[in-house]
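Because the structure is a prediction, the values reported are computed rather than measured. The figures that follow rest on heavy atoms only: side chains count, while hydrogens, waters and symmetry mates do not.
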2 protein chains.
Amino acid sequence: MQDSPGTEMAAAIGPCASIPADQMAFIRQVLDRIGDKWSMLIIAVLKDGTLRYTDLQRQIPGISQRMLTHTLRQLQDDGLVTRTAYAEVPPRVEYTLAPLGHGLQEIVKQLIGWASEHHDDIRAHRSRTPSTPRATTG
Amino acid sequence: MQDSPGTEMAAAIGPCASIPADQMAFIRQVLDRIGDKWSMLIIAVLKDGTLRYTDLQRQIPGISQRMLTHTLRQLQDDGLVTRTAYAEVPPRVEYTLAPLGHGLQEIVKQLIGWASEHHDDIRAHRSRTPSTPRATTG
DNA sequence: CGGAATCCATTCGGATACTG
DNA sequence: CAGTATCCGAATGGATTCCG
């Protein structure tokens, strides 16, 4: 590991091989899905078990019908959320976390927990860099 | 919790109170930051300790210089990543996970683990819905 | 090597209006 | 109630070129 930094013999192989590079592909695919503006939030609030469309709208302030519907469809297509519509009037549609979604939800909850814990650290650090073009001190 | 589902007296208070609604704000803020196309991936590959700019480029296939630089700046501003530039020629810049970033990285690694485990489930379910306008069967 | 700057296509996502 | 459809501005992000 401590080879002198002038010899670029590293072209042979990545020594630490952080991520297998073929896994990168579907990692990106998953992140692209749940890494949008609302997916994680929807998964998070679905911890209550089953929620109706309007319940989701209420619990996620700021989401539009367009995005709520769209995101639910994505999650549904991926098998993370189950949709059940009751043919009654007025119509009622319920959304539940699918089995596949439960594991993900655990992680999302941790992420939310982390965000709750450290958001002020982040904001503090963010405001501490007034206009730093690059704090290069090397 | 088990009040009959016909009486909508729920307007008074959210019984399960999934997410405190004031936490929603900074949850959204954090998700907006790390929920972009590359942040989590960068945090993930930084598990090797320290990586140079070009190392990051190599380990994250498909990222452009623009996005790598931009995302690194965000992470740096938020205090998740530390940048160290050495005033030598040719220049060398190293990026390391900041202390604040370590907790997040644990979660990101779990997320990647989950993605690796279930990406085929997701893809299978995704292709199983050929054109489902809505699989409403209630 | 490690960026910055500009240009530009695509996508995201909100507002609004309408439907069964 | 639970959507759909359209419009359109804002943001994302890739390609390219140049620079210290």
Mapping A/Pro91 and A/His70 to their closest nucleotides on DNA chain C, which lands nearer the 5' end? A/His70
Rounding to an integer number of Å, can you tell me how far A/Arg33 CZ sits from C/dT11 C1'? 14 Å
To the nearest Å, how far apart are A/Leu68 CG and D/dG3 C1'? 10 Å
Salt bridge or not for B/Asp32 and A/Lys37, using N-O below 4.0 Å? no
So, is A/Tyr95 close to the D/dC1 phosphate, meaning a side-chain N or O under 4.0 Å from OP1 or OP2? no
Quick one: does any side-chain atom of B/Tyr95 pair with a main-chain N or O of B/Leu56 as donor and acceptor, under 3.5 Å? no
Distance in angstrom units between A/Arg83 CZ and D/dA2 P, rounded: 10 Å
Nearest-Å distance, CD1 (B/Ile34) to P (D/dT12)? 15 Å
Separation of C/dT11 P from A/Gln74 CD (nearest whole Å): 13 Å
Can you tell me if the side-chain N/O atoms of B/Thr54 get under 4.0 Å from OP1 or OP2 in C/dG2? yes
Taking every heavy atom of A/Gln59 against every heavy atom of B/Met24, the minimum-distance pair comes out as O-CE, 2.8 Å
When you compare the side chains of B/Thr96 and B/Thr50, does any donor N or O come within less than 3.5 Å of an acceptor on the partner? yes
Distance, rounded to the nearest Å, where A/Leu51 contributes CG and D/dC1 contributes P: 15 Å
Does A/Asp77 pair with B/Arg126 as a salt bridge, N-O distance under 4.0 Å? no
Of all heavy-atom pairs linking B/Arg28 and A/Leu41, the shortest is CD-CD2, 3.0 Å
d(CD, B/Glu94; P, C/dG2) in whole Å: 9 Å
Looking at every heavy atom in both A/Arg83 and A/Val93, which two are closest together, and how far apart are they? CG-CG1, 3.7 Å
Scan nucleotides 13-17 of chain D against the protein and return all N/O pairs shorter than 3.5 Å with their distances rounded to 0.1 Å.
unit_1 : atom_1 : unit_2  : atom_2 : d
D/dG13 : OP1    : B/Lys37 : N      : 3.2
D/dG13 : N7     : B/Arg66 : NH2    : 2.8
D/dG14 : OP1    : B/Lys37 : NZ     : 3.1
D/dG14 : OP2    : B/Ser64 : OG     : 3.2
D/dG14 : O6     : B/Arg66 : NE     : 2.5

Output the rounded distance in Å from CZ (A/Arg58) to C1' (D/dC1). 14 Å
Think A/Tyr53 has a side-chain N or O under 4.0 angstrom from the OP1 or OP2 of D/dT4? no
